[in-house]
Every structure is written in structure tokens, then in C-alpha cells.
Amino acid sequence: MGYKDKRHIFNTLISLALPTMLEQILSVLMQYVDTAMVGHLGPNATAAVSVSTTITWLIGSIPGAFGVATMSLIAQAIGRKDEEDVKKIARHSLIIAVFIGAIIGFICYLIADYVPYWMGADETVCHDAALYFRVISCVVLFRAVNIILNNALRAAKDTRTPMYIGIGSNVLNVVLDYIFIYQMGGGVFGAAMATAVSTAFAGSVSLFAFLSKNEFKNSIEHVSMDRGILLKMWKMSYPVLIINVASCSGYVVFAGMVSHMGTWVFAAHSIALGAEELFYIGGYGFKSAATTLTGISYGEQDYDKYKSVTKMATAMTIGVMLISGVLLYNFALPLMELFTTDATVAQMGATVLKMVAFSEPFFGIYVVTEGFYYGLGNTRYPLFVELFGMWIVRILSTYYCVNYIGGDLSIVWMCMIADNVAKAILLAIRVPKLRFCFMSPKGL
């Protein structure tokens with residue numbers, strides 16, 4: 001592969017990753033404002049909104065699994081220049097998004113009253129926490145549509161449209177937060193309403209953008225289902241679904257153990273997790289770009305292109321995450337003070353953020369290499385890695401430390417860091433062997 005080809009890949013990675021990064025940066029910044037608005041209502045309000053955070057991650061992970069299949073299969077079809085297959089996969093993706101969104105939303109609405117108790121929340125916050133979760137459950141269908149169809153757009157090398165949608169919905173959320181929480185005195189209910197309206201907006205605009213995209217136009221003229229495509233999507237999605245469920249349920253168990261350490265400790269933990277999100281964005285931006293380009297390379301059966309994509313994406317991700325780690329270490333305490341006026345909570349959160357800053361490059365390696373596997377349609381090995389990292393390294397060690405050593409929040413976060421490092425190593429050491437997928441039409 002010549003210099004011009006490599007430079008083209010480099011430029012394409014940048015052009016695909018930057019809009020995704022900007023989208024997520026602005027999204028996290030808006031979440032910061034959202035958290036700060038709720039945080040200034042007091043620790044109980046923060047806990048009420050945060051109690052269901054890991055459950056909402058779990059909810060989003062289900063359409064997210066099908067979004068991975070959508071992104072990979074559409075990218076591969078584009079690489080093969082099979083326009084008919086692109087439209088078929090797009091149609092099935094939309095139908096799946098609506099179906100699973102409706103089912104999950106209905107279930108979540110029914111269990112809203114029980115979620116805070118399952119999470120071990122303090123009795124004083126359970127009512128508000130249940131109310132918040134019930135309101136956002138009403139718009140899960142829109143969230144599923146937004147997640148899956150945005151992945152379809154990214155597979156078609158359009159990362160700008162999801163960026164614009166994300167910016168619009170997050171700005172709307174913050175504006176509505178101000179109106180509902182402060183102007184109307186809605187408190188936690190106001191925060192929930194703001195989230196619900198902005199989620200519905202994002203899903204609706206994603207649907208419009210999807211139907212307007214040249215690659216997907218007329219894709220829903222027929223609503224017939226193709227058993228072969230459904231089977232392909234399911235085979236690729238179910239390991240990711242198990243990964244996401246195992247990961248998010250692990251987060252639920254993890255958060256549950258932390259919540260039993262006290263309201264102030266849980267508030268510090270929750271705020272620190274939210275603050276850290278901004279510094280993960282570089283990795284996720286390059287993961288999205290790498291998934292698309294890896295899928296297209298596989299569709300074209302161009303191994304040299306794939307090799308260049310993996311090398312460049314990995315190097316660029318490590319560089320960005322090194323910078324993120326330095327920034328996170330130096331601004332840990334000011335970040336925490338943005339979200340809470342409680343000095344104890346701020347100091348506890350700053351301590352763990354400084355610890356995790358050193359592991360940012362490992363997290364970057366973990367997410368970008370996972371993108372290579374997903375682009376090639378290999379979702380089985382990442383499943384093994386996630387199960388081992390989350391449930392053996394993180395959960396088991398946290399349980400031991402909390403119950404037998406009496407560890408504080410710092411010990412808990414050490415277990416989390418060990419999980420991310422282990423997953424980075426296990427995924428990275430197998431990447432060179434992915435060349436064998438180009439020798440078989442079935443892939444890995």
C-alpha cells in the first residue's frame with residue numbers, strides 16, 4: 001500500500017472520528033450541566049437520578065447490540081458495492097429498532113417502582129428515583145431508534161448527521177432542565193421530563209435523517225423480512241447483547257456494592273463516573289471510525305487496507321488517550337467541584353479520578369481493538385474477554401475487597417482499573433491473528 005493510500009486512510013479516520021468525538025464531547029458537557037443542575041438540589045437529588053444510571057445503560061445496550069450488527073453489515077455491504085443488500089439491512093434494522101424499543105420500554109415502565117430497591121438505594125430517595133425512571137421509560141422506543149439508525153448512518157461514512165442530532169438533543173435537554181427544574185420548580189421530575197422530551201426529539205430526527213439518506217432511500221417500500229439477513233444480524237448481535245448485558249449488569253452489581261457504602265460515597269462514585277466520560281471520548285471516536293473502515297475493508301477483501309487501519313487507529317487512539325489522562329489528572333478536583341458543593345464528595349471523587357487517569361491509554365486500546373473485531377463481524381471473542389474482565393477481575397475482586405478487607409472507594413476503583421487493563425491486553429494480543437478472516441468468506 002502506497003503513501004497516498006495510507007494518507008487517505010489517515011484522513012478518513014480523522015474525518016470519521018472527529019464528528020463522533022465532538023458529538024460525544026458536547027453530549028458529556030451537556031450531561032455535566034445536567035448533573036450540576038440536579039447536584040445543586042442536594043445529595044439526595046443526585047442519588048435519586050444516579051440510582052437508575054446503570055439500569056439505563058443496560059437498556060441502551062440492547063439496541064446497541066443490534067446497532068453493532070447494523071454498522072458492521074452495512075459497512076461490509078458498502079465495501080462489496082451491494083446496494084440492494086444495504087437497503088435490506090437498513091430496513092431490517094429499522095423494524096428491529098421499533099420492535100425492541102417498544103418491548104423494553106413497556107417492561108421498564110412496569111418495573112419502575114422496584115428498580116431503586118434492587119439497587120439498594122436509601123429509603124429517602126426511592127420515591128423520586130422510581131418517578132425519574134418511570135418517566136424516561138416512556139421514550140425507550142425513541143432511544144432505540146436513535147441508537148440503531150445512527151449506527152446505520154455511521155456505516156455509510158456519515159458521522160456528521162449523528163453529531164448534529166446529538167448536539168441538538170443535548171442542548172434541548174439543558175434548556176428544558178433550566179425551565180423544568182428551576183423556573184417551574186420540578187426538581188427530579190423536571191429533570192426526567194427534560195430527558196424524555198430530548199430523547200424523543202433525537203429519535204424522531206434520526207428516523208427522518210435515515211429515511212432521507214441516499215443509501216437508505218426507499219428501503220422501507222416493502223416490509224417483508226428476509227430470514228437470511230435476520231439470522232446474520234442475530235448471530236452477530238447476540239454475543240454483543242450478552243457482552244452488553246454482562247457488562248451493564250456488572251455495572252449494576254458494582255454500583256449496588258458501592259451504594260451500600262453510604263449516600264456520600266455513592267454520590268462521589270456516580271459523579272466521578274460521569275466526569276470521567278469526557279476523557280473516554282477519543283477512544284470511542286476512533287472505535288466508531290475503525291469499525292466502519294474495518295467493515296468496508298473486509299467487504300472489499302483488502303487485507304493491506306485493514307492492516308493500515310488497525311495500525312493507524314491504534315496509534316492515534318493511544319496518543320489521544322495519553323493527552324486525556326494528563327488533563328484528567330490535573331483537573332480532577334475542579335471537575336468534581338462543578339457538580340457538587342460538598343467538599344467531602346468532591347475530594348473523594350478527585351482522588352479516584354487521578355488514579356484512573358493513568359489507565360486511560362489502556363482503555364483506549366480496549367475500545368479501539370473491540371472496534372476491529374466488530375467491523376469484521378467477530379463478536380464472540382470480545383464476549384469472552386468482557387465476561388472475564390467484568391465478572392472475574394472487577395466484580396469478584398470488588399466483592400472481596402469490600403466485604404473482607406473493608407476497602408474504601410479508592411480500592412473499588414483499583415478493581416475497575418484492573419478490569420480495563422486486562423481487557424485491553426486480552427483483545428490486543430489477538431489482533432494480528434485477525435488476518436485469517438480474509439481467507440474465509442465466513443470470516444471469523
Side-chain angles (χ1 to χ4, degrees), residues 3-33 64 67-68 70-72 74-75 78-79 146-171 173-174 202 205-206 209-210 212-215 275-297 305-306 308-328 331 360-372 374-375:
Y3 171 76
K4 287 185 177 179
D5 293 327
K6 290 181 178 179
R7 184 174 180 179
H8 175 70
I9 291 173
F10 178 86
N11 291 336
T12 304
L13 279 168
I14 293 292
S15 65
L16 291 177
L18 282 180
T20 303
M21 289 182 200
L22 181 58
E23 173 193 350
Q24 293 186 21
I25 286 171
L26 292 173
S27 173
V28 172
L29 288 175
M30 293 301 103
Q31 288 176 32
Y32 281 6
V33 175
V68 168
T70 293
M71 193 172 187
S72 178
I74 289 178
I78 289 173
N146 175 250
I147 291 171
I148 293 177
L149 299 192
N150 277 359
N151 270 1
L153 293 170
R154 292 186 183 104
K157 293 187 178 181
D158 179 4
T159 55
R160 292 187 179 184
T161 300
M163 176 187 71
Y164 295 140
I165 295 170
I167 292 171
S169 64
N170 281 286
V171 170
N173 184 45
V174 169
V205 179
S206 294
F210 171 82
S212 302
K213 188 74 176 171
N214 287 334
E215 288 86 347
E276 187 192 11
E277 285 184 30
L278 180 62
F279 300 87
Y280 282 169
I281 285 170
Y284 282 116
F286 282 111
K287 176 183 179 178
S288 176
T291 301
T292 297
L293 291 186
T294 300
I296 291 173
S297 300
K305 182 177 179 180
Y306 155 76
S308 293
V309 168
T310 57
K311 287 181 178 180
M312 289 185 196
T314 302
M316 294 160 78
T317 302
I318 291 173
V320 169
M321 297 303 284
L322 280 170
I323 296 171
S324 294
V326 172
L327 292 173
L328 179 58
F331 293 98
E360 294 296 292
F362 287 97
F363 185 84
I365 293 170
Y366 155 51
V367 296
V368 78
T369 51
E370 190 176 60
F372 304 150
Y374 287 175

Side-chain donor-acceptor pairs of residues 311-322 under 3.5 Å, sequence neighbours excluded:
| residue | atom | partner | partner atom | Å |
| --- | --- | --- | --- | --- |
| T314 | OG1 | T310 | O | 2.7 |
| T317 | OG1 | A313 | O | 2.6 |

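- You'll find the side chain of S15 stays beyond 4.5 Å of the side chain of K157, heavy atoms only.
- Closest approach of I78 to A155, counting heavy atoms only: CD1-O, 3.5 Å.
- Taking each heavy atom of F286 and L13 in turn, the nearest pair found is CE2-O, 4.4 Å.
- With hydrogens and angles disregarded, no donor-acceptor distance shorter than 3.5 Å links the side chain of T291 to the backbone of G375.
- In this structure, the side chain of T292 engages the main chain of R154 through a donor-acceptor pair within 3.5 Å.
- A donor-acceptor pair under 3.5 Å is absent between the side-chain atoms of T20 and the main chain of G285, judged by distance alone.
- Counting non-hydrogen atoms of neighbouring residues, nucleotides and ligands closer than 6.0 angstrom, the CZ atom of F10 reaches no more than 12 such neighbours.
- Taken to the nearest 0.5 Å, the CG atom of N11 stands 7.5 Å off from the CD1 atom of I14.
- With rounding to the nearest 0.5 Å, the separation of CE in M71 from CG in L153 is 10.0 Å.
- Nearest heavy-atom pair across A202 and N146 is O-ND2, 3.5 Å.
- Scanning all heavy atoms of the two residues, the minimum distance from A290 to T294 falls at O-OG1, 2.6 Å.
- Residue F372 holds its CZ atom at 10.0 Å from CG of L293, rounded to the nearest 0.5 Å.
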Quiz: residues 159-169 side-chain donor-acceptor pairs under 3.5 angstrom, not counting sequence neighbours:
| residue | atom | partner | partner atom | Å |
| --- | --- | --- | --- | --- |
| T159 | OG1 | L16 | O | 3.2 |
| T161 | OG1 | D158 | OD1 | 3.2 |
| T161 | OG1 | D158 | OD2 | 2.8 |
| S169 | OG | I165 | O | 3.2 |
| S169 | OG | G166 | O | 3.1 |

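- The side-chain heavy atoms of K287 and Y284, taken from C-beta on, include a pair separated by under 4.5 Å.
- Shown here for G282 and M21, the closest heavy-atom pair between the two residues is O-CE, 3.6 Å.
- Annotation: salt bridge (charged side-chain N to carboxylate O under 4.0 Å, His left out) contacts of E360 (sequence neighbours excluded): none.
- In summary, the side chains of S206 and N150 do present a donor paired with an acceptor at a separation below 3.5 Å, with no hydrogens or angles considered.
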